[in-house]
S.K.: 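Next up is a structure, given as structure tokens.
On a predicted model such as this, the values are computed, not experimentally measured, just so you know.
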Amino acid sequence: MPLGPAINGAARRVPVWAVWIAGLAPAAWLFWQAATGGLGVEPVEALEHRLGELALQLLIAGLAVTPLRRHLGVNLMRFRRALGLLAFTYVCLHLAVWLLLDVQTLARVWEDVLKRPYITVGMAGFLLLIPLAVTSNDWSVRRLGSRWRRLHRLSYLAAVLGGLHFLLLAKGFQLEPLLYAGAILGLLALRLRLPRRQAA
Amino acid sequence: GAGIATLAGRGRAAEALEPNTWEEITTYNNFYEFGTDKTDPARHAGAMTIAPWSVRIDGLVDRPADYALEDILSRMTIEERIYRFRCVEAWSRVVPWNGFELADLLEMAGVQSGARYVAFETYLNRDEMPGVRFPVLDWPYVEGLRLDEAMHPLTIMATGIYGRDLPKQNGAPLRLVVPWKYGFKSIKSVVRITLTAEQPPTSWNKANPREYGFYSNVNPEVDHPRWSQATERRIGAGLFARREPTQMFNGYAEEVAGLYEGMDLTKFY
């Protein structure tokens with residue numbers, strides 16, 4: 001049996017709110033754990049890193065929706081907005097933990113944004129996501145028409161900046177940030193090849 | 001008793017130190033041979049063989065040899081040293097080490113007059129260390145000190161914490177502790193000590209010379225290129241704790257600042 005229709009059939013029965021609940025549950029769990037000792041003896045760093053990783057994973061999931069449909073016939077389009085907004089939520093939480101619990105001083109936050117390339121890059125990625133979150137409602141989609149699709153291609157750049165942010169902050173030569181960057185670039189590359197296939 | 005007496009002679013910095021708990025010291029570690037997550041060493045270091053253990057002491061010494069750990073320990077005086085530990089990643093804690101002065105070990109081997117530096121090497125076993133499958137660093141891990149830093153009375157080889165054997169994730173059975181330098185200088189699970197005339201290569205300096213210098217003295221005024229070193233987060237202080245100011249030479253300036261007189265610490269970072 002082809003995989004696509006089977007998954008599509010199952011996915012049709014999943015309400016979008018369930019994706020929201022499943023998506024937000026890890027955040028609630030992480031904050032609870034951080035407050036009660038479940039994240040170990042340095043909860044701030046653990047919380048900050050886990051939230052950042054989840055944001056990247058959700059960005060990647062959002063980027064995977066279109067290639068999954070085009071290349072494997074798996075249609076998860078209904079969940080794409082939720083995935084995108086969840087990714088934005090996690091970026092905001094990651095940023096809030098960094099700002100309020102980690103760095104703590106606004107002057108140092110600003111200094112870091114200006115002086116540390118990995119933070120500059122991460123902050124740029126966050127800023128790019130703001131117009132996308134703001135225009136994620138039905139009214140904006142209708143109102144912007146074809147411009148909406150063009151605007152939301154900013155998510156490609158935001159994901160690349162997110163992956164770069166992770167690469168730049170790793171100490172030594174580490175595998176994990178490379179895997180994330182590879183996934184992001186791979187999902188974008190699948191889009192690049194598309195016009196040729198259509199032409200053939 | 002002996003430990004406290006020793007500390008009193010080691011300056012004001014040590015007096016008010018409140019050690020972190022055993023859990024705080026042994027569950028949050030950097031030992032990249034076992035993985036890059038802070039919890040990896042506690043999870044994976046159990047596989048490391050630490051007995052029998054010997055340390056090769058060679059280079060510019062009168063008595064180069066493979067010294068069995070028991071022989072070393074039988075000739076050293078173990079004392080307690082409660083030191084601040086400041087990681088280059090801007091976290092810190094206080095550790096009640098047990099150990100002996102490195103100077104005593106070097107004198108046992110007989111330092112020759114031409115020696116100016118001390119090179120150290122960590123144990124490496126691909127079957128026991130899952131982290132070395134990926135070239136995070138150029139294995140084995142190596143570190144180095146100038147001879148006067150190595151001979152300084154604050155510089156110790158640790159064999160325990162809280163009077164118990166050193167846990168493997170903390171660098172069992174024998175590790176260096178240099179309290180005024182960033183933690184990565186305090187090389188773990190030492191198998192070789194070589195006295196040299198030239199400054200030896202060090203792992204993090206090889207990996208990223210712009211970010212990690214040979215000296216790596218704790219210095220709130222010289223930032224790591226990717227983060228400020230002006231403040232630090234105290235391990236175990238909890239989710240809402242304020243950052244604390246980092247002290248020059250990690251609070252040991254009175255004892256060690258003289259070693260670097262006349263040196264530009266922004267250049268020799």
S.K.: Using modelled atom types and a 3.5 Å cut-off, is there a donor and acceptor pairing between side-chain atoms of B/Ser186 and backbone atoms of B/Val178?
M.R.: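 Yes; at least one donor-acceptor contact below 3.5 Å.
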S.K.: Examine whether an atom of B/Pro225 lies under 4.5 Å from a heavy atom of chain A, and if so say whether it belongs to the side chain, the backbone or both; otherwise answer neither.
M.R.: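 The answer is the backbone of B/Pro225.
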S.K.: Do B/Arg81 and B/Tyr83 have side-chain atoms, one donor and one acceptor, less than 3.5 Å apart?
M.R.: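 Yes, a side-chain donor-acceptor pair sits under 3.5 Å.
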S.K.: Side chain, backbone, both or neither: which part of B/Ala241 has an atom under 4.5 Å from a heavy atom of chain A?
M.R.: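 B/Ala241 touches chain A through backbone heavy atoms alone.
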S.K.: Taking donor and acceptor roles from the modelled atom types, list the N and O pairs under 3.5 Å across chain B and chain A.
M.R.:
| unit_1 | atom_1 | unit_2 | atom_2 | d |
| --- | --- | --- | --- | --- |
| B/Tyr28 | OH | A/Glu45 | OE1 | 2.6 |
| B/Thr36 | OG1 | A/Gln174 | OE1 | 3.2 |
| B/Glu89 | OE2 | A/Lys171 | NZ | 2.9 |
| B/Val136 | O | A/Phe173 | N | 3.0 |
| B/Asp223 | OD2 | A/Lys115 | NZ | 3.4 |
| B/Asp223 | OD2 | A/Arg116 | NH2 | 3.0 |
| B/His224 | O | A/Arg116 | NH1 | 3.3 |
| B/Pro225 | O | A/Arg116 | NH1 | 3.4 |
| B/Arg226 | NH1 | A/Leu168 | O | 2.7 |
| B/Arg226 | NH1 | A/Leu169 | O | 3.1 |
| B/Arg226 | NH1 | A/Ala170 | O | 3.1 |
| B/Thr231 | OG1 | A/Arg108 | NH1 | 2.9 |
| B/Arg233 | NH2 | A/Leu101 | O | 2.4 |
| B/Arg233 | NH2 | A/Asp102 | O | 3.2 |
| B/Gly236 | N | A/Val41 | O | 3.1 |
| B/Ala241 | O | A/Gln104 | NE2 | 2.7 |
| B/Arg243 | N | A/Gln104 | OE1 | 2.9 |
| B/Arg243 | NH1 | A/Asp102 | O | 3.0 |
| B/Arg243 | NH1 | A/Asp102 | OD1 | 2.6 |

S.K.: Answer with side chain, backbone, both or neither: which region of A/Leu47 has an atom nearer than 4.5 Å to a non-hydrogen atom of chain B?
M.R.: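 Just its side chain gets close to chain B.
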S.K.: List the atom of B/Leu145, the atom of B/Lys181, and the distance in Å for their closest heavy-atom pair.
M.R.: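 Scanning both residues, the minimum pair turns out to be CD2-CE, 3.8 Å.
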S.K.: Is it true that, when you exclude A/Leu114 itself, more than 12 heavy atoms of the residues, nucleotides or ligands shown sit nearer than 6.0 Å to its CG?
M.R.: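 Yes, because the 6.0 Å sphere around CG of A/Leu114 holds more than 12 heavy atoms from other groups.
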S.K.: Taking CG in B/Asp165 as the centre, count heavy atoms belonging to other residues, nucleotides or ligands within less than 6.0 Å. Is the count above 12?
M.R.: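 No, the 6.0 Å shell around CG holds no more than 12 heavy atoms from other groups.
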S.K.: Looking at every heavy atom in both B/Pro135 and A/Phe173, which two are closest together, and how far apart are they?
M.R.: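 The pair with the smallest heavy-atom distance is O-CB, 3.4 Å.
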S.K.: I need the A/Ile60 CD1 to A/Leu83 CG distance, nearest 0.5 Å.
M.R.: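 That separation rounds to 12.0 Å.
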S.K.: Counting only non-hydrogen atoms closer than 4.5 Å, does A/Ala46 touch chain B with its backbone (N, CA, C, O), its side chain (CB onward), both, or neither?
M.R.: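 Answer is neither: A/Ala46 stays 4.5 Å or more from chain B.
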S.K.: Under a 3.5 Å distance rule, please check whether B/Glu128 uses its side chain to pair with a backbone N or O of B/Thr49 as donor and acceptor.
M.R.: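 Yes, the answer is positive, given that a donor and an acceptor are paired below the 3.5 Å cut-off.
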S.K.: Heavy-atom pairs under 4.5 Å with chain A are the metric here; pick the option from B/Val88, B/Leu137, B/Leu239 that has the most.
M.R.: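 Of the options given, most contacts go to B/Leu239.
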S.K.: Given B/Trp180, which of B/Asn219, B/Asn250, B/Asn217 fulfils the side chain to side chain donor-acceptor pair (under 3.5 Å) condition?
M.R.: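 Of the listed residues B/Asn219, B/Asn250, B/Asn217, the side chain to side chain donor-acceptor pair (under 3.5 Å) partner of B/Trp180 is B/Asn217.
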S.K.: Report which part of A/Val103 has an atom under 4.5 Å of a heavy atom belonging to chain B: side chain, backbone, both, or neither.
M.R.: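 A/Val103 touches chain B through backbone heavy atoms alone.
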